[in-house]
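If you read the sequence from its start, that first residue is 1, and numbering goes on from there. In each ligand, atom 1 is the first atom listed, and ligand 1 is the first ligand listed.
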Amino acid sequence: MKRLLTGLQPSGELTLGSFIGGIKQSVKFQDEYESFIFVPDLHAITVPQDPLLLKERIKKNVALYLACGIDPNKNIIYLQSENLYHTNLSWILECHTYMGEASRMTQFKDKSKRYDNVSVGLFTYPILMAADILLYDADFVPVGIDQKQHVELARDLAGRFNNKYGTTFKLPEPLIPKIGAKIMDLQNPTKKMSKSSEDIKGLIFLLDNEDVIRKKIMSAVTDSDNKVYFDPENKPGISNLLTIYSALSDLDIKQVEEKFKNYNYGNLKKEVADIVIEKILEIQKKYHEYMDSGLVDEVLNKGLKIVQEIAQNKYNEILKKVGLGRI
Ligand code: ATP
Ligand code: LTN
């Protein structure tokens, strides 16, 4: 069975976009691949975080993964910061990364514009991501298009290391959903719904309550033409609502367009709100059960044990090849 590895940064509360574009894909893959799903919490501190909120969010995210359908019997689930081999390998890889290639990462260029004091960690973040992937010889890495360049860096570093020291790492491939729904911000529908956005009116969080969800959807930005059809370029707001409905109903976009063709915007929004609320309440019910039951710690302890053993073996092989330590 091929191995798949992915993670969602706990840089903000998980949103409907994280569910439809990220977690739902992983649920689909869990029967096809040996799946490693982890919380890249070390990545979250590349930008400022409140320690108490971060700690709480890490646990909440794991409970939400499970509530969204990530099966702990089919996935190995763990926290990045608890397995010290990630950062150790990251250092070794940093010493094999050229300044030029690290400086070409477009996400750094975008993110660094948002902060006054940019940390060195934000710059080296893709190398830690390479370590996350290479440590476990992942074959496939499901990510959004914005992360493709980082997986390619991991691949380049693996190739370089293998050439220098002999075959050590698998060359990972990014797995980018071809027709994967991209969920847009409700207030700014040409921009991705992103969990770290500052204006939360355009975001639906998986832990929002029913009234808040309805209010956010009913005030979604649309256009003034009052005709319902799918045209992301000219009607990004309406197209986003149709995309959300399609993703949650498992109807394709043509069927959704047909269903709503004679609706006005108000009625369309109402039905979109209904289906989002139904799905999110179902997730929240399981989430509360898992948060109260101790399941999260159980799953993380089990995952950590498995990944530590795999990582230790790999790391020892690397030390030996690079000439470090005494093995
Ligand atoms: P951040 O705001 O911290 O940069 P984000 O909300 O943009 O995060 P990521 O954690 O970078 O999301 O994304 C994790 C995964 O979820 C990726 O595979 C990404 O493509 C997917 N994803 C996140 N948001 C959306 C969205 N709005 N629509 C579709 N997919 C999404
Ligand atoms: N950078 C990713 C999160 C991430 C990741 C990884 C994803 C960190 N390490 C390894 C896949 C594999 C993000 O911001 N979405």
Side-chain angles (χ1 to χ4, degrees), residues 3-29 35-49 54 57 61 64-65 68 78-81 83 86-87 89-90 93 105-108 110-111 114 121-122 124-155 172-186 188-200 202-206 232 236 240 243-244 246-247 307:
R3 186 172 286 177
L4 175 149
L5 179 145
T6 196
L8 272 89
Q9 270 198 61
S11 48
E13 304 290 324
L14 296 178
T15 67
L16 188 64
S18 329
F19 171 63
I20 294 175
I23 307 176
K24 207 160 166 265
Q25 306 287 334
S26 300
V27 173
K28 203 177 78 201
F29 290 135
S35 300
F36 285 53
I37 308 276
F38 74 112
V39 180
D41 49 353
L42 291 169
H43 275 95
I45 62 160
T46 53
V47 298
Q49 299 290 342
L54 178 61
R57 201 184 289 141
N61 280 10
L64 277 171
Y65 286 1
C68 290
Y78 55 101
L79 304 188
Q80 180 191 38
S81 61
N83 188 357
H86 288 243
T87 37
L89 176 57
S90 180
L93 293 177
M105 297 296 123
T106 55
Q107 200 189 45
F108 173 75
D110 292 344
K111 280 203 172 178
R114 292 195 229 157
L122 189 65
T124 57
Y125 148 131
I127 308 170
L128 177 59
M129 179 161 164
D132 299 336
I133 299 168
L134 301 182
L135 198 49
Y136 303 104
D137 286 314
D139 295 286
F140 296 110
V141 184
V143 281
I145 190 79
D146 52 331
Q147 296 291 321
K148 183 167 174 252
Q149 197 187 25
H150 296 164
V151 182
E152 284 164 356
L153 175 70
R155 200 180 159 85
E173 270 182 53
L175 213 58
I176 311 222
K178 277 196 194 63
I179 39 159
K182 188 168 176 190
I183 307 304
M184 309 308 255
D185 188 293
L186 296 173
N188 187 357
T190 53
K191 188 179 144 257
K192 191 179 91 159
M193 184 184 287
S194 211
K195 58 180 145 51
S196 61
S197 293
E198 267 164 29
D199 183 5
I200 62 164
L203 317 180
I204 297 194
F205 294 110
L206 294 180
N240 190 32
T243 303
I244 293 172
S246 160
V307 292

task = Identify whether the distance between the nearest side-chain nitrogen and carboxylate oxygen of R57 and E13 falls below 4.0 Å.
result = yes

request  = Mark yes or no for whether R3, through its side chain, and D139, through its backbone, hold a donor-acceptor pair below 3.5 Å.
outcome  = no

remark   = Residues at least two apart in sequence or cross-chain that pass salt bridge (Lys or Arg N to Asp or Glu O under 4.0 Å) with K24, listed by chain then number, are D250

inquiry  = Just to be sure I understand the cut-off, which residues have at least one non-hydrogen atom under 4.0 angstrom from an atom of ligand 2?
reply    = L5, T6, G7, Q9, F38, P40, H43, Y125, M129, D132, I133, V141, V143, Q147

Any residue meeting side chain to side chain donor-acceptor pair (under 3.5 Å) with D146, in chain and number order, not counting sequence neighbours = none

key: D41 side-chain N/O to S81 backbone N/O, donor-acceptor pair under 3.5 Å   = yes

key: Of L175, L8, V151, the residue whose pairing with V143 passes side chain to side chain contact (heavy atoms under 4.5 Å, CB included)   = V151

ask   = Should C68 and L206 count as side-chain neighbours, where that means a heavy-atom distance under 4.5 Å?
value = yes

task = Look at the side chain of T6 and the backbone N and O of P142, then say whether any donor-acceptor pair between them is shorter than 3.5 Å.
result = yes

ask   = Parallel, tilted or perpendicular: which describes the rings of F38 and H86, with under 30° parallel and over 60° perpendicular?
value = tilted

What are the atom names and distances for all N or O pairs under 3.5 Å between ligand 1 and the protein?
{"residue": "ligand 1", "atom": "2 (O)", "partner": "S194", "partner atom": "OG", "Å": "2.9"}
{"residue": "ligand 1", "atom": "2 (O)", "partner": "S196", "partner atom": "N", "Å": "3.0"}
{"residue": "ligand 1", "atom": "2 (O)", "partner": "S196", "partner atom": "OG", "Å": "2.5"}
{"residue": "ligand 1", "atom": "3 (O)", "partner": "S11", "partner atom": "OG", "Å": "2.4"}
{"residue": "ligand 1", "atom": "3 (O)", "partner": "K195", "partner atom": "NZ", "Å": "3.2"}
{"residue": "ligand 1", "atom": "6 (O)", "partner": "K195", "partner atom": "N", "Å": "2.8"}
{"residue": "ligand 1", "atom": "7 (O)", "partner": "K192", "partner atom": "NZ", "Å": "2.8"}
{"residue": "ligand 1", "atom": "7 (O)", "partner": "S194", "partner atom": "OG", "Å": "2.7"}
{"residue": "ligand 1", "atom": "8 (O)", "partner": "K195", "partner atom": "NZ", "Å": "3.0"}
{"residue": "ligand 1", "atom": "10 (O)", "partner": "K195", "partner atom": "NZ", "Å": "2.7"}
{"residue": "ligand 1", "atom": "18 (O)", "partner": "G144", "partner atom": "N", "Å": "3.0"}
{"residue": "ligand 1", "atom": "20 (O)", "partner": "G144", "partner atom": "N", "Å": "3.3"}
{"residue": "ligand 1", "atom": "27 (N)", "partner": "I183", "partner atom": "O", "Å": "2.7"}
{"residue": "ligand 1", "atom": "27 (N)", "partner": "M193", "partner atom": "O", "Å": "2.9"}
{"residue": "ligand 1", "atom": "28 (N)", "partner": "I183", "partner atom": "N", "Å": "2.9"}

